[in-house]
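The block underneath contains the structure these notes are about, expressed in structure tokens.
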Amino acid sequence: MHRMNIQYDLHAHSTASDGTLAPAELVRRARAAGVDVLALTDHDTTAGVEEAAQAARSEGLRLVAGVEVSVTWNGQTVHIVGLNVDSACDELQQGLAGLREFRHWRAEEIARRLEKHGVPGALEGARAYASGPIVSRTHFARYLVQRGAAADVRDVFKRYLVRGRPGHVAGQWAELDAAVAWIRAAGGQAVIAHPARYGLTATRLRRLIGEFKDCGGEGLEVVSGSHRPDECRTMAVHAQREGLLASAGSDYHGPENPWVELGRLSPLPESCIPIWTGARWTEGRHAPVRRLAAS
Ligand code: AMP
Ligand code: MN
Ligand code: MN
Ligand code: MN
């Protein structure tokens with residue numbers, strides 16, 4: 001009967017990718033914010049999961065092992081979150097290793113382009129901000145802010161790191177069907193992350209969802225820290241119409257971004273079937289939630 005009050009946050013980053021809190025710090029902050037079930041979903045790596053799971057055990061929080069896989073779909077970058085993945089799965093790890101290799105090459109290429117544009121030292125600069133196994137555009141952005149090239153991270157993206165800008169390198173990420181297959185091979189559930197962020201028309205989003213379902217995808221992130229309320233409602237309609245389960249996650253990257261906080265999520269619209277409905281969320285290899293949110 002307390003189950004309605006369980007606080008889920010199924011999308012968050014640590015220093016294993018482009019977040020600024022170490023996995024254990026992230027878990028402690030989530031706990032303090034009232035989160036009962038937290039998914040660690042770093043970009044293209046599960047390197048933070050073990051530390052997070054250990055911290056979760058002592059905090060009495062349930063940690064969902066996750067990952068956010070970078071995908072190129074019809075020339076566009078799309079993110080697919082995997083929830084409840086077994087990080088020991090070879091197929092998943094080999095897939096992610098390939099993406100990290102592309103990331104390393106891309107980081108060198110971004111740095112070469114920035115250098116031609118009069119910004120030297122960006123590879124070393126970005127790497128200094130990356131303490132985990134991936135280098136992200138976010139790390140370049142932090143370096144460029146440090147150099148005074150732009151006022152803040154958002155401004156850097158606009159001026160340097162997006163299509164048509166000097167430091168942009170086109171993504172060559174995983175195929176959609178491969179990403180979903182890796183997640184499923186690891187026993188996980190695949191979810192389209194922050195679907196309102198891709199600038200897709202309703203028709204193209206339906207096409208993405210159709211292909212995603214055909215290869216075994218199950219969920220749509222209806223509630224996201226990067227969705228406006230009207231976008232949540234639109235995505236709830238898509239989820240219901242296409243028969244996808246609904247997920248909710250903050251996409252937290254750290255306290256530097258005051259607009260997004262762990263666990264501060266609006267509830268899923270009534271029409272949604274939450275992805276945490278069902279046996280695999282209440283049984284299996286995860287410890288039960290010890291402390292429920294105050295009712
Ligand atoms: P990457 O996967 O290395 O290409 O970097 C993508 C990451 O950059 C996303 O996960 C966000 O954390 C961040 N990001 C993307 N676009 C923006 C933006 N316009 N402003 C701030 N951060 C962004
Ligand atoms: Mn990110
Ligand atoms: Mn994302
Ligand atoms: Mn994310």
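If you read the sequence from its start, that first residue is 1, and numbering goes on from there. In listed order, ligands and their atoms are each counted from 1.
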Item checked: Angle subtended at the Mn ion (ligand 4) by H11 NE2 and H13 NE2, rounded to 10 degrees -> 110°

Notebook entry, point to check: Is R29 paired with E25 through a side-chain N to carboxylate O contact shorter than 4.0 Å?
Noted result: no

Margin query: Using the Mn ion (ligand 2) as the vertex, how large is the angle between OD2 of D18 and NE2 of H43, rounded to 10 degrees?
Written below: 100°

Note to self: Tell me whether R112 is salt-bridged to E115, with the criterion being a basic N under 4.0 Å from an acidic carboxylate O.
What the structure shows: no

Next item on the list: Could you tell me whether a side-chain N or O of T41 sits under 3.5 Å from a main-chain N or O of A12, the two making a donor and an acceptor?
Entry: yes

Checklist line | Closest approach to the Mn ion (ligand 4) by D251, given as the N, O or S atom name | finding: OD1

Checklist line | Candidates T20, D251, T138 - the one meeting side-chain hydrogen bond (donor to acceptor under 3.5 Å, both in side chains) with H13 | finding: D251

Note to self: Restricting to N/O/S atoms, is H253 within less than 2.8 Å of the Mn ion (ligand 2) or not?
What the structure shows: yes

Checklist line | N/O/S atom name from H79 that is nearest to the position of the Mn ion (ligand 3) | finding: ND1

Next item on the list: Taking the Mn ion (ligand 3) as the reference point, name the nearest N/O/S atom of E68.
Entry: OE2

Margin query: Distance alone, cut at 3.5 Å: any donor-acceptor contact between the side chains of W105 and Q172?
Written below: no

